[in-house]
Trainee: 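Once you've had a glance at the structure underneath, I'll fire off some questions.
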Amino acid sequence: MVKNSGHPSPETIDGKYDTDEAVRSAVDAAHESRQEYMHNVAKLAPHLPQLTDAYAKEIYDQIEEHEHRIVPSLGLNEYGEGMARHDDEIWSGNTNSDLLLSAEHATDPVRKSTGVREGADHGTGGLAMALSDNKDLAFVLPAGRQTGNANVDSTHIMKDRISDLLPNKKAFISVHGMIPGKFSHQYDDREIHAVIGLGKNPEEANRELANRLIQQALDELGLRVVIGNDTLFFGENEGTPRLQYDSDGKVKHAARLAALGEGSTTNYVRREVGDPLFPAMQIEISRTLRLLPKELEYRDARRKVMSVYMGYLLSEQLIEIVANSTKEENKTQ
């Protein structure tokens, strides 16, 4: 039940929840389904042979090994200092590759909303480094002790490093993490697993790349991806399927995650390159599909491995779609 065409609006459905038994039953069933899949997301994959335990464990171990380089014991409180030897230390590698992958929140950034260093996108650093190993990508990430936020601040040492790495690059992808449980309609039977942010005023060519991922991720992995620029969605409301409303009685949507801020690395890269057609975007991956600090881990051993592996496969799909697009462009020139 991924597509919502033909359904009444979310506000209409929420208004009928208390009075229409059929609506309440359908909403509750979809909510229970989302919760179930969040705990065992690998059940969604229709092509189980490609999700073999042995290879999944190999990829999981690789991501975990890299994450340990940043946070040695995978403890939640280690993501502030990381392994940085000085403030705002930046790590990069495989820098001669055509595609640049960043993980701005691999360690705790200073969050704009609180002014506090907190809230790393756990697992994105290890994921970026594993993808760099396996897909021949350049990567860049903060090792810890961040004094700002590379995806918000108009100037930041990580942006300087990105700028140094951009010459001869053909594409840029920024990897982030998001809170799980997002949905665009109460009848959705699964959460939104990833949101693609295309930045300000994206060209249709970049939207087409995102649409390819939307279809491929659904067909091959059973995962739901949306474009943050185009899709409004909701966050979980403390375990209930009901929507949240603001003080004026208007329904509250979750943050768009579209890389719209002037300081987003997606917009920064496009400005630096000077080409609106340059493939640059961010992907926000649900916590369901990421390696987590030990204090936040809720999955048993196999589900943990398979979930992280599916997050890797989703990221790999996006990389291959973007990389293939640059090859196609070269053929036409």
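Keep in mind that this is a model prediction, so the values were computed, not measured.
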Trainee: Kindly determine whether Thr265 and Gln282 satisfy side-chain hydrogen bond (donor to acceptor under 3.5 Å, both in side chains), including the steps that lead there.
Mentor: CA-CA 8 Å; Thr265 53; Gln282 72 177 32; 5.6 Å; no
Trainee: In a check of salt bridge (charged side-chain N to carboxylate O under 4.0 Å, His left out) between Glu262 and each of Arg270, Arg271, Lys159, which one passes?
Mentor: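 Considering Arg270, Arg271, Lys159, a salt bridge (charged side-chain N to carboxylate O under 4.0 Å, His left out) with Glu262 is found only for Arg271.
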Trainee: Any non-hydrogen side-chain atom of Ile162 less than 4.5 Å from a side-chain atom of Lys169?
Mentor: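 Heavy-atom side-chain distance check fails, nothing below 4.5 Å.
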Trainee: Ignoring hydrogens, what is the shortest heavy-atom contact between Ile192 and Ser184? Give both atom names and the distance.
Mentor: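 Answer, listing the atom of Ile192 first, then Ser184: CD1-N, 4.1 Å.
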Trainee: Between Asp18 and Arg242, does any NZ, NE, NH1 or NH2 come within less than 4.0 Å of an OD or OE carboxylate oxygen?
Mentor: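 Counted as a salt bridge, because a side-chain N and a carboxylate O are separated by less than 4.0 Å.
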Trainee: Say whether Arg69 and His66, considering side chains only, have a donor N or O and an acceptor N or O under 3.5 Å apart.
Mentor: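 There is such a pair between these side chains.
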Trainee: So that I can tick it off, tell me whether Arg34 and Asp188 are bridged by a salt bridge, with the cut-off set at under 4.0 angstrom between side-chain N and carboxylate O.
Mentor: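 No, no charged N to carboxylate O under 4.0 Å.
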Trainee: Under a 3.5 Å threshold, yes or no: a donor from one side chain and an acceptor from the other, between Gln35 and Glu236?
Mentor: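 Judged by distance alone, the side chains do pair up.
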Trainee: For atom CD of Glu238, is the number of surrounding heavy atoms from other residues, nucleotides or ligands below 6.0 Å larger than 12?
Mentor: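 Incorrect, the count does not exceed 12.
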Trainee: Within the structure provided, determine whether Val305 and Asp53 are in side-chain contact (heavy-atom separation under 4.5 Å).
Mentor: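 Counting from C-beta outward, Val305 and Asp53 never come under 4.5 Å.
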Trainee: Which residue in the set Val195, Leu218, Leu314 passes side-chain contact (heavy atoms from CB on, under 4.5 Å) when paired with Val225?
Mentor: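 Testing each of Val195, Leu218, Leu314 against Val225, the sole residue satisfying side-chain contact (heavy atoms from CB on, under 4.5 Å) is Leu314.
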Trainee: Ignoring hydrogens and angles, state whether a donor on the side chain of Glu104 or Ser174 is under 3.5 Å from an acceptor on the partner side chain.
Mentor: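 Looking only at side-chain atoms, Ser174 and Glu104 do form a donor-acceptor pair, the distance falling under 3.5 Å.
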Trainee: Tell me, please, which residues at least two apart from His156 pass ring pair (Phe, Tyr, Trp, His ring centres under 6.0 Å).
Mentor: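 For His156 there are no ring pair (Phe, Tyr, Trp, His ring centres under 6.0 Å) partners, ignoring immediate neighbours.
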Trainee: Under 3.5 Å, is there a donor on one side chain and an acceptor on the other for His31 and Gln186?
Mentor: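 Their side chains do not contain a donor-acceptor pair, so the 3.5 Å distance test is not met.
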Trainee: Is it true that Arg117 and Asp88 make a salt bridge, defined as a side-chain N closer than 4.0 Å to a carboxylate O?
Mentor: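 Between Asp88 and Arg117 there is no salt bridge, as every charged N stays at least 4.0 Å from the carboxylate O atoms.
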Trainee: What residues, two or more places apart in sequence or in another chain, satisfy side-chain contact (heavy atoms from CB on, under 4.5 Å) together with Asp246?
Mentor: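 Scan of Asp246 (side-chain contact (heavy atoms from CB on, under 4.5 Å), adjacent residues dropped) gives Asp248, Lys250, Lys252.
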Trainee: Cut-off 3.5 Å, side chains only: do Ser325 and Arg212 have a donor facing an acceptor?
Mentor: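 Checked: Ser325/Arg212 side chains show no N/O donor-acceptor pair below 3.5 Å.
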Trainee: Salt bridge or not between Glu21 and Arg24? Use side-chain N to carboxylate O under 4.0 Å.
Mentor: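 Salt bridge: no.
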Trainee: Please tell me whether Gln62 and Asn134 have a donor and an acceptor in their side chains that are separated by less than 3.5 angstrom.
Mentor: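 A pair is found: one side chain offers a donor N or O, the other an acceptor, under 3.5 Å apart.
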Trainee: I want to check something: taking the side chain as every heavy atom from C-beta on, are Ile285 and Thr124 in contact at a cut-off of under 4.5 Å?
Mentor: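 No, every pair of side-chain atoms sits at 4.5 Å or beyond.
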Trainee: Quick one: are the ring centres of Phe233 and His253 less than 6.0 Å apart?
Mentor: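 They do not qualify: ring centres at least 6.0 Å apart.
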Trainee: If you apply the rule side-chain hydrogen bond (donor to acceptor under 3.5 Å, both in side chains), what do you find for Glu191 with Ser286, and how did you get there?
Mentor: CA-CA 9 Å; Glu191 69 167 323; Ser286 172; 3.1 Å; yes
Trainee: For residues Thr240 and Asn237, is any side-chain donor paired with an opposing acceptor at under 3.5 Å?
Mentor: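 Looking only at side-chain atoms, Asn237 and Thr240 do not form any donor-acceptor pair under 3.5 Å.
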